[in-house]
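Below is one structure, written out as structure tokens, with a few remarks after it.
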Amino acid sequence: MAWAIEVKNLTKYYGKLLAVDHISFQVKEGELFGFLGPNGAGKTTTQRILTGVIEANDGDAEIMGYNIQKDAFNAKSIMGIVPELANPYIDLSAWDNLMLMGQLYGISREKRNEKATLFLKMFELYERRNQKVKTFSKGMKQRLLLSMALISEPRILFLDEPTNGLDVQSARFIRNLIGELNGEGVTVFLTTHNLEEANQLCHRIAIIDHGKIATIDSPQNLRRAFQKMQSVEIGFATPFDRIDLLEKLIGVSKVKKMGDKFRLYTEAPSRVVYELTNFVRDNSLKFTTLNTLGPSLEEVFVKITEEHIGWDYEK
Amino acid sequence: MGQKLRGVWVIAKKDTGIYYFKAPVLIFGLVFPFFLFLAFAIGRDISPLFLFPGIIGITLFFTASSVGPIIMPWETRMKTLERLLSCPVSIQSILLGDILAGFLFGIIISLVPLLFGLLGFGLTINNLAIFILGILFSSFCFSSLGVLLSSPPTDNPSNIMMLSNLVRLPIMFISGIFIPIEELPVAGKIIANFSPLTYTVDLLRYVFQGVSYYSVTRNVLMLILFLIIFLVSGMKLHKRNLAKRL
Ligand SMILES: Nc1ncnc2c1ncn2[C@@H]1O[C@H](COP(=O)(O)OP(=O)(O)OP(=O)(O)O)[C@@H](O)[C@H]1O
Ligand SMILES: [Mg+2]
């Protein structure tokens with residue numbers, strides 16, 4: 001099996017700050033790989049290293065077999081990239097921005113024209129192709145950036161929060177497109193904060209936290225693994241703060257106060273609900289809400305990143 | 001190699017389209033040398049033979065070195081740099097492209113005072129080969145200086161413009177333009193050695209007047225030496241500061 005991305009021991013310091021901490025992972029060819037993590041986790045830094053924009057302090061990365069440091073030209077030639085914070089040239093027209101990219105990737109004039117026309121039409125920018133990008137909205141700029149990433153017909157796409165700040169329709173359009181491209185065989189490395197997006201699109205997800213990979217798995221497996229981490233949420237009608245009593249209930253592994261409610265973590269939510277109703281009756285309390293919560297991907301994410309539990313969640 | 005050159009050329013073309021028309025380039029690359037020319041020439045009874053090497057030298061110096069300073073800070077500010085760096089072009093190619101843009105700008109604009117002199121003041125080029133050689137190396141050298149000056153990793157073009165004028169104005173005054181080198185005191189002669197513009201103007205004197213203070217070989221070699229210093233240090237500093245721009 002050839003890897004589309006093979007990362008070994010990648011490390012990046014900014015001065016003394018360890019932004020990426022000896023990470024290793026592989027992405028299969030044709031895979032849609034999600035890269036998730038809280039702000040400052042090291043996602044953008046990782047993508048910058050993988051796309052040859054900055055150099056790592058240690059470790060290696062190969063893109064389709066090309067070493068990004070030793071063979072940057074070939075590696076970069078097969079990538080399409082949308083950086084996190086990037087703009088097209090606002091003094092150039094949409095068309096000229098695309099031509100510039102095409103030329104930098106060594107695409108022939110004929111092919112450039114053909115692809116530019118195709119993508120501008122697809123992204124609904126064709127009517128405004130000769131206007132300077134200065135006049136474009138954020139969504140239009142983002143669509144243009146995507147066209148610029150696609151004009152070289154990349155085999156692998158690196159997208160850093162491509163739907164960030166876009167309206168629902170534009171985001172959906174881009175999401176669908178990512179899915180379609182992946183369907184055509186393009187490998188996608190997708191950094192996102194949108195867990196629903198990751199859940200829908202990605203074959204596998206890596207969660208990075210404090211520069212370290214906390215876990216890599218499919219969205220389904222992640223959620224399944226956390227089945228043990230379901231919870232029951234209860235809110236009382238009268239002031240109540242005896243967490244210690246709740247902790248003693250059968251089946252409860254942990255209790256957390258969340259605002260005016262309590263969350264009781266358990267592997268057996270129905271048992272806990274039963275215990276709770278007894279508890280409420282025995283103590284002459286009243287509750288306002290009682291919910292069982294399955295682990296959404298969001299909770300899995302929060303759990304992994306907030307509590308720094310890594311691979312050992314399975315044990 | 002072919003791919004590298006293509007990258008350099010594409011970058012230079014991009015720069016000409018975007019940066020030639022930016023206010024700081026127009027002001028310090030066109031307007032400023034023009035007023036220097038007026039200040040220099042008006043009301044003084046000096047022969048065009050002495051006038052024009054200085055004027056062409058100043059024009060070339062300021063125009064070729066006025067494009068480089070704004071490109072990197074501008075790309076940093078407009079957030080276009082990262083996308084460029086992720087293309088299959090090296091930072092060296094990008095910087096060479098920027099240098100090429102300044103190089104061409106310098107040569108094209110310097111044609112204006114040249115034609116003015118040739119057509120209006122009876123200026124004649126005595127040695128075309130040396131003239132071309134001098135102009136090419138000078139423009140390359142000054143343009144590299146411009147790119148070197150933009151290496152501090154700021155996203156504010158006006159800071160770099162300030163820095164570059166702080167460097168360029170003194171250079172202009174020590175280059176034997178207003179007073180020929182042979183008439184300078186000893187200290188002035190020594191200081192003049194440290195300006196690349198000295199050698200350009202001296203070469204142009206040779207081309208137009210047939211006399212020069214230094215030998216042609218020395219002038220050309222010194223221009224090449226400055227070029228290498230500017231080029232190598234510019235590439236090094238830019239490479240080192242690149243991550244700070246993202
Ligand atoms: N150019 C830089 N210089 C110094 N430190 C940096 C630089 N870029 C990032 N960092 C630091 O490195 C760490 C990782 O940053 P990075 O941008 O990779 O995070 P991220 O996961 O992309 O976050 P976000 O979700 O906010 O985009 C952060 O602590 C950040 O402050
Ligand atoms: Mg980021």
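A note on names: the letters A, B, ... follow the listed sequences, proteins ahead of strands, and every chain is numbered from 1.
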Is there a side-chain contact between [X] and [Y], using heavy atoms and a 4.5 Å cut-off?
X	Y	value
Q103(A)	K13(B)	yes
I54(A)	L85(B)	no
L84(B)	Y89(A)	yes
E55(A)	K239(B)	yes
E82(B)	R48(A)	yes
R83(B)	M101(A)	yes
V53(A)	L242(B)	no

What do you reckon, is [atom1] of [X] surrounded by more than 12 foreign heavy atoms closer than 6.0 Å?
X	atom1	result
F194(B)	CZ	no
F25(A)	CZ	yes
E124(A)	CD	no
F131(B)	CZ	yes

Check your understanding: So, D91(A) side chain and I18(B) main chain: donor-acceptor pair closer than 3.5 Å or not?
Key ->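 It does not hold such a pair.
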Review point. Hey, which of S86(B), G7(B), G17(B) has the most heavy atom pairs under 4.5 Å with chain A?
Key: S86(B)
Check your understanding: Of all of K4(B), E75(B), M78(B), R6(B), which one pairs up most often with chain A through heavy atoms under 4.5 Å apart?
Key ->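 Most heavy-atom pairs within the cutoff with chain A belong to R6(B).
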Check your understanding: When rounded to the nearest 0.5 angstrom, what is the spacing between NZ in K79(B) and CG in L85(A)?
Key -> 6.0 Å
Check your understanding: Rounded to the nearest 0.5 Å, how far apart are CG of L104(A) and CD of Q3(B)?
Key ->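 Between L104(A) CG and Q3(B) CD, I get 12.5 Å after rounding to 0.5 Å.
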Check your understanding: At a heavy-atom separation under 4.5 Å, does L100(A) approach chain B through its side chain, its backbone, both, or neither?
Key -> both
Point to revise | Interchain contact, A72(A) with chain B, by part (heavy-atom threshold 4.5 Å) | key: neither
Review point. Which pair of non-hydrogen atoms, one from Y105(A) and one from P88(B), has the smallest distance, and what is that distance?
Key: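 Looking at all heavy atoms of both residues, the shortest contact is CE2-CD, 3.3 Å.
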